[in-house]
Peer 1: 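Sharing a structure, written as structure tokens. Questions coming.
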Amino acid sequence: MGTLPTPRCLLCGGGRDGALDICSECLRYGERPWVHAVSACAFRGSVREAVHRLKYQGGTAMVPVLGAAMAADWRRHGRGEPEVIVPVPLYWTRQWGRGYNQAELLACYVGSELGLPCERLLRRRRRTAQQAMLNMDARRTNVRGVFAPAPGAKIAGRRVLLVDDVMTTGATLGEAARALGDAAVAAVSVLTAARG
Ligand SMILES: [Zn+2]
């Protein structure tokens, strides 16, 4: 599985599209509530197929395929020395319907590769519409305030690596990072399998 070329955008881990360290989409989006992001692959071709299988066809065999690319890419490009890996949570009804949270499977795989604990420090307060159906502004509104600390979660002062399957606009990851920030996290980095 071919990973993205370097140099990468510092804010989303995707490809650069100009002379700046930041891609044009991140410039348009504005501030990101994390220090650094790495995305292993572009969201197209076999990667898109693997993510689709993982999310919608029970394809958990895709976890080591995507997870190995993520761990390898983090070793090459990651910064900030995170001490705990945190998956972006699904709402419980969606997780129950799917039987698993694909972000959590990836996070645990990456955690075992990198020798870091994987902890469910966040919960999702409500079910949201599928982000894929919405434009950038609607995506932001859709997920605003949707994440909160999980009961008993120890977040304050810790360096967190937030993991999800795909970053498209970054709205969901941004809300998750904000919820960690509200709970006095020391630093948030982001790792995704693919940049949409
Ligand atoms: Zn970017």
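FYI, the numbering just counts along the sequence from 1.
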Peer 1: Any idea which heavy atoms bring Ser24 and Asp17 closest together, and the distance?
Peer 2: OG-OD2, 2.5 Å
Peer 1: Is it true that a side-chain atom of Arg123 and a backbone atom of Pro151 form a donor plus acceptor pair closer than 3.5 Å?
Peer 2: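 Absent.
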Peer 1: For residues Pro87 and Cys118, report the shortest heavy-atom separation together with the two atoms involved.
Peer 2: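 In terms of heavy atoms, the two residues are closest at CD-SG, 4.2 Å.
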Peer 1: Checking side chain to side chain contact (heavy atoms under 4.5 Å, CB included) for the pair Arg32/Val190: CA distance, chi angles, key distance, verdict?
Peer 2: CA-CA 11 Å; Arg32 303 279 195 189; Val190 167; over 6 Å; no
Peer 1: Determine whether Gln131 and Asn142 satisfy the following criterion, side chain to side chain contact (heavy atoms under 4.5 Å, CB included), listing intermediate values before the conclusion.
Peer 2: CA-CA 8 Å; Gln131 293 283 80; Asn142 187 37; 2.7 Å; yes
Peer 1: Would you say the side-chain atoms of Trp92 pair up with the backbone N or O of Arg124, donor to acceptor, closer than 3.5 Å?
Peer 2: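 Checking the backbone N and O of Arg124 against the side chain of Trp92, no donor-acceptor pair under 3.5 Å is found.
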Peer 1: Donor-acceptor check, side chain of Arg159 to backbone of Val188, threshold 3.5 angstrom: yes or no?
Peer 2: no
Peer 1: Of all the heavy-atom pairs spanning Cys41 and Val47, show the shortest one and how long it is.
Peer 2: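 Minimum heavy-atom contact is CB-CG2, 3.6 Å.
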Peer 1: Check whether any side-chain heavy atom of Cys12 sits under 4.5 Å from a side-chain heavy atom of Glu25, and report yes or no.
Peer 2: no
Peer 1: In this structure, would Met62 and Leu191 fall into the same cluster of hydrophobic residues linked by side-chain contacts under 4.5 Å?
Peer 2: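 As far as the 4.5 Å side-chain criterion goes, Leu191 and Met62 are connected within one cluster.
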Peer 1: Please report the shortest heavy-atom distance between Ser189 and Trp74, naming the atom on each side.
Peer 2: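 Residues Ser189 and Trp74, closest heavy atoms: CB-CH2, 3.7 Å.
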Peer 1: Could you list the residues that satisfy salt bridge (Lys or Arg N to Asp or Glu O under 4.0 Å) with Arg158, not counting sequence neighbours?
Peer 2: Glu119
Peer 1: Ignoring hydrogens and geometry, is there a side-chain-to-backbone donor-acceptor pair from Asn101 to Val88 under 3.5 Å?
Peer 2: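 Checked: pair present.
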Peer 1: According to side chain to side chain contact (heavy atoms under 4.5 Å, CB included), who are the partners of Arg98, at least two apart in sequence or on a separate chain?
Peer 2: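 With sequence neighbours excluded, Arg98 shows a side chain to side chain contact (heavy atoms under 4.5 Å, CB included) to Lys55, Tyr56, Leu90, Arg94, Tyr100, Gln102, given in chain and number order.
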Peer 1: Keeping His36 on the side-chain end and His77 on the backbone end, is there a donor-acceptor pair under 3.5 Å?
Peer 2: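 A pair under 3.5 Å: yes.
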Peer 1: Report yes or no: do Leu4 and Trp34 belong to one cluster of Ile/Leu/Val/Met/Phe/Trp/Tyr joined by side chain heavy-atom distances under 4.5 Å?
Peer 2: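 In one cluster: no.
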Peer 1: Can any side-chain N or O of Arg8 pair as donor or acceptor with the backbone N or O of Gly14 at less than 3.5 Å?
Peer 2: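 Such a contact is absent between Arg8 side chain and Gly14 backbone.
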Peer 1: Is there a side chain to side chain contact (heavy atoms under 4.5 Å, CB included) between Leu121 and Val185? Walk through the geometry before answering.
Peer 2: CA-CA 11 Å; Leu121 299 184; Val185 74; over 6 Å; no
Peer 1: Give the minimum heavy-atom separation between Val143 and Ala171, together with the two atoms involved.
Peer 2: CG2-O, 3.7 Å
Peer 1: Mind checking whether Val160 and Leu114 sit in one hydrophobic cluster, side chains of I, L, V, M, F, W, Y counted as touching below 4.5 Å?
Peer 2: no
Peer 1: Going by heavy atoms in the side chains, are Arg48 and His52 under 4.5 Å from each other?
Peer 2: no
Peer 1: When you compare the side chain of Val86 with that of Leu162, does any pair of heavy atoms fall below 4.5 Å?
Peer 2: yes
Peer 1: Supply the atom-to-atom distance Glu49 CD to Arg53 CZ, rounded to the nearest 0.5 angstrom.
Peer 2: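 The distance works out to 5.5 Å.
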Peer 1: Looking at side-chain heavy atoms only, is the closest gap between Met70 and Glu113 below 4.5 Å?
Peer 2: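 In short, these two side chains do not touch, never coming nearer than 4.5 Å.
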Peer 1: Within the 4.5 Å heavy-atom criterion, are Thr168 and Arg139 side-chain neighbours or not?
Peer 2: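 They are in contact (side-chain heavy atoms under 4.5 Å apart), so the answer is yes.
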Peer 1: Between Asp21 and Leu10, is there a donor-acceptor pair closer than 3.5 Å when you use the side chain of the first and the backbone of the second?
Peer 2: no
Peer 1: Compare every heavy atom of Arg144 with every heavy atom of Arg126, then report the nearest pair and how far apart it is.
Peer 2: NH2-O, 3.1 Å
